[in-house]
Amino acid sequence: MELQHFVAKIHVDGPLGFDPAKVVDVLHKWVAAQSVPGVLLIDVAELLHVPNGPGVIAVGHEADYSLDQTGGIWGVLHRRKTVFPGSNADRIVQALKGAAQTALRLEEAFSGTLKVSRTTFELIVNDRGLAPNTPETYAAAQPEIEAALRTLLGHGDFQVTRHDRERRERFGVTVKSAKPYDLAALAAG
Amino acid sequence: MKASAAIWKERFKGKLPEPLGSEVDQFETEIGLRQQGKIEDKVFAETRLRRGAYGQRYDNGHRYDGTESRKLPFADKPTKGPGTMWDAPGMLRIKIPFGGLNPEQLETMSELAEEYSDGIAHVTTRQDFQLHFIHIENGPSIMRRLAAVGITTREACGNAVRNVTACPLAGVCSDEAFDVTPYSHALAWFLMGHPDTMEFGRKFKPAFSGCAQHACGLTQMHDIGFTAAVREVDGKLQRGFKIVVGGGLGPVPRQARTLTEFAPVEEMLPITQAVCRVFGRHGEKKNRNAARIKFLVDKWGIEKFRAEVVTTRQELREDPRWLEMLKGFEKTAEGPLRPPGEMPKLNGNDKLNQWVRGNVRDQRQAGYVTCAVTLPLGDITADQLRALADTVRKYTRGTIRTTVEQNFLIRWISKSDVAAVFAELDAVNLAQPGSSSVVDITACPGTDTCKLGISSSRGLGGEIRNRLLAKSYQLDEAIKALHIKISGCFNSCGDHHVADLGFYGVSRTINGYKVPHFQVLLGGQWENNAGSYGLPIIAVPSKRAPDAVDRVTEYYVKNRQKDEKFFAFIKRVGKGPIREILEPLAENIPTHDADASFYSDWGDPRQYSIGDIGIGECAGEVVTRYEFELVAAERLVFEAGLHLDRGVPQQGGETAYSAFLKAAKALVQVQYDDVGSEPDEIFAEFKERFFDTQLFFDPFVGPKFANFFFAAHAARGEKFDADTAHHRIAEAQLFIEAVHNCYNKLRSKPAPTAAKS
Ligand code: SF4
């Protein structure tokens, strides 16, 4: 089963300690400097007027980066848009790498007021054609996801929970690691 | 392109309703041909526009980053149209005839917003949806998934028949003559791809209204408008429509003229076909700025236009669909799912009370209400769409409508379900009270995504909304009833002409820096099917536009007579006193060093710019004189509006012409100090220096604004009525804006100031 267009969202730890509108300025600077290697950043979309929505997004051609509030949970999100070569595991690593890099940069920009979780993140396949949100998809994808996570986190002490509250949601899982992971290591891929 | 494109193609193969399925296949083929360079870029651009795939800001591959204009390094591929990068994201407009949707369609919208866009579906002022940041190659997959639930993007953009809009209350309103839903449905599908609509020089927008007195259908501002009416013939009631043509907003708005006071419903489709054929045959093709049907009606006069339509109607070949398409009423028929009920006791829940007061309205059918779902700036998330689909499924027979105020309306809610519906909507933040009120602000996409945006309409809309919401408990009821509508430029996609308080984006140069501004418009009327259009009274800096709302509303509350509506109030007091209270906002703008916030727009921290123009180099006497003359021109155009308000259109039209001259002279003086005051001399100098050199040409509309001046100059001595004076004044205002822009352009280069030799 080919899985593409991963979304990785690393949850924010605790409440957001700053006005999320401030992220707009930071992301504009990223666009101006084209500061994500291998990604063409195009613009910034500020959607904070919509509660529990996509927040503030640096829109790119290959991927988007955002401070996201979907589902009422703040998180730093990386959404792969173009096809990424390699295996499913490579794509999972790449998605988390993008989210972790973004999280580190935002933590630095909002030092003392933003801290992302070192234990919890979501992985979503943003493509219902490839991965309908069914138990069958989960059964097929679970071994690959878990194997990739074991390599990435360096241990198997984590819990993967399928998003099965609502069949119309995209196929996705929430990962909770029993041991804190090193964000910098994730960012390094 | 998404990896699943082939999956969707395979999944829907042979299963999509025709002609929607084969049209998507064609579009996919055209994308392939363009990629191979086998279709010209211009041809491909019109093709994609007719499929609803529109351009978006920065798609020319350049973006101002607050310091300079930088190239966005898109891959080197064939363009999507002249100067439009292949990989640049675009907007997809999705047609929703009469705004009618079912839960499956809402769910599909939610999926598409998540998978292909930014997670948001945007409801437009034409009851459409728009998805932004769409890659062209994902178009076919999106279109297939839409077609699978009976939705098309066909002719959502381009020189075509746009979405057919209709009152969202159609079928349940106590004021309507009859339900216009089936007729709007029939017209939408009858005209789609019709051969008589293929030759248009510009777009064509139809609308339906169930009655004449309310705003919902806005027929007066449409290319063709249908207002339901019933008459008695031989003791029998006969259904029909009053049909109007040639209305429109845009830069210079027009009220539609009456084509016929009554046409039986059976004549609706053939008459419209005849109108389309006349427009296709005789409408302007070359100059797109004069190509809407309103210009043809202006040029010919309504009598000649009517005569031509009557003749054309006679020559049409009989089409069985004229009557057949009116028969399938059950397709759009709506009714209750649950038994009628009583309104719940509302004690104790303030939020519910407020919501019921603002958003719930009795239907004609006893025991049922409509519930408005207010969307901030027309935006809704994928999660919200799914929740809305559930509510619609649970409490109705699966129908909901979008509205031209960028909201949803759920109909056929049993009164006994009101509290439950509220609770479900509230759980997903969709129970914002104040539908159609002052906090329910309409804003076009503006500088967020539109290529033509000058100022941030959505940014301003959001800011005004937040401020009003913060004090909503103290707001006077009279203020709550106002409509605020904002466009990012003069093109009026935010319907600013028909608001109580309208705004459209302009830019000004202060001490060498550009400052985003908004023109404030007064005198528009949302009621009576967009019964009258406002005129600009003053431009204020964007950052002070919310203060303008405060000042105007406070003045209104203090000085209104008992129960006096805002429109009547403005008529009575005139625009002069309002301008006076707003003038301080337009003056004394802090220098860039003192307060740089004035030099960026709402929600966008970048230093403000339009067209990537840098800071000019010249200053001093010439600038001062220019500004002085331009201020005088703006004052003249304002005075012209006052004459019109006082019922002296002749003076209004003539003063507007003086404003043209003053503004043209201001610009000429930048190059030639000694220009005289004779109209012919100003005209000749302007033409030679700015028209013939194309210096004055707008990047998007070319010579349009200069042509306004030329027409006014050529028509000196003409007789004005209220309509023609209104047009002349609106044109003068746009000409002044164009002078500002041209001047900005000049200042980006060392200004040539040599005296005429
Ligand atoms: S009014 Fe202007 S800025 Fe707004 S959407 Fe229309 S063209 Fe764009």
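Computed over heavy atoms, backbone and side chain alike; hydrogens, waters and symmetry mates excluded. Lettering follows sequence order; numbering is per chain, from 1.
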Interchain donor-acceptor contacts below 3.5 Å (chain B, chain A):
from	atom 1	to	atom 2	distance (Å)
B/K2	NZ	A/N126	O	2.6
B/A3	N	A/H5	NE2	2.9
B/S4	OG	A/D127	OD1	2.9
B/S4	OG	A/D127	OD2	2.7
B/R63	NE	A/I42	O	3.2
B/R63	NE	A/D43	OD1	3.4
B/R63	NH2	A/H28	ND1	2.9
B/R63	NH2	A/D43	OD1	3.1
B/E107	OE2	A/R168	NH1	2.6
B/E114	O	A/N126	ND2	3.2
B/E114	OE1	A/R128	NH1	3.2
B/E114	OE1	A/R128	NH2	2.5
B/E115	OE1	A/R128	N	3.2
B/E115	OE2	A/R128	NH1	2.7
B/D379	OD2	A/H49	NE2	2.7
B/R386	O	A/R168	NH1	3.4
B/D390	OD1	A/R168	NH1	3.0
B/D390	OD1	A/R168	NH2	3.1
B/D390	OD2	A/R168	NH2	2.7

Task: Heavy-atom proximity to chain B below 4.5 Å, by part of A/L41 - done: backbone
TODO: Identify which part of B/A5 has an atom lying under 4.5 Å from any heavy atom of chain A, answering side chain, backbone, both or neither.
DONE: neither
Task: Part of A/L40 within contact of chain B (heavy atom distance under 4.5 Å) - done: side chain
TODO: Begin with the C-alpha distance, continue with both residues' side-chain angles, and end with the deciding distance and a verdict on side chain to side chain contact (heavy atoms under 4.5 Å, CB included) for B/F74 and A/I42.
DONE: CA-CA 9 Å; B/F74 287 112; A/I42 298 164; 3.8 Å; yes
- [ ] Start with the C-alpha distance between A/V50 and B/I380, add both sets of side-chain angles, then the distance that settles side chain to side chain contact (heavy atoms under 4.5 Å, CB included), and finish with yes or no.
- [x] CA-CA 7 Å; A/V50 190; B/I380 184 163; over 6 Å; no
TODO: Report the option among A/P54, A/A21, A/G53 that has the most heavy-atom pairs separated by less than 4.5 Å from atoms of chain B.
DONE: A/P54
Open item on the list: Counting only heavy atoms not in B/Y54 (residues, nucleotides, ligands), do more than 12 fall under 6.0 Å from its OH?
Closed with: no
Task: Point-to-point distance, once rounded to the nearest 0.5 Å, from CD1 of B/I120 to CD1 of A/I57 - done: 7.5 Å
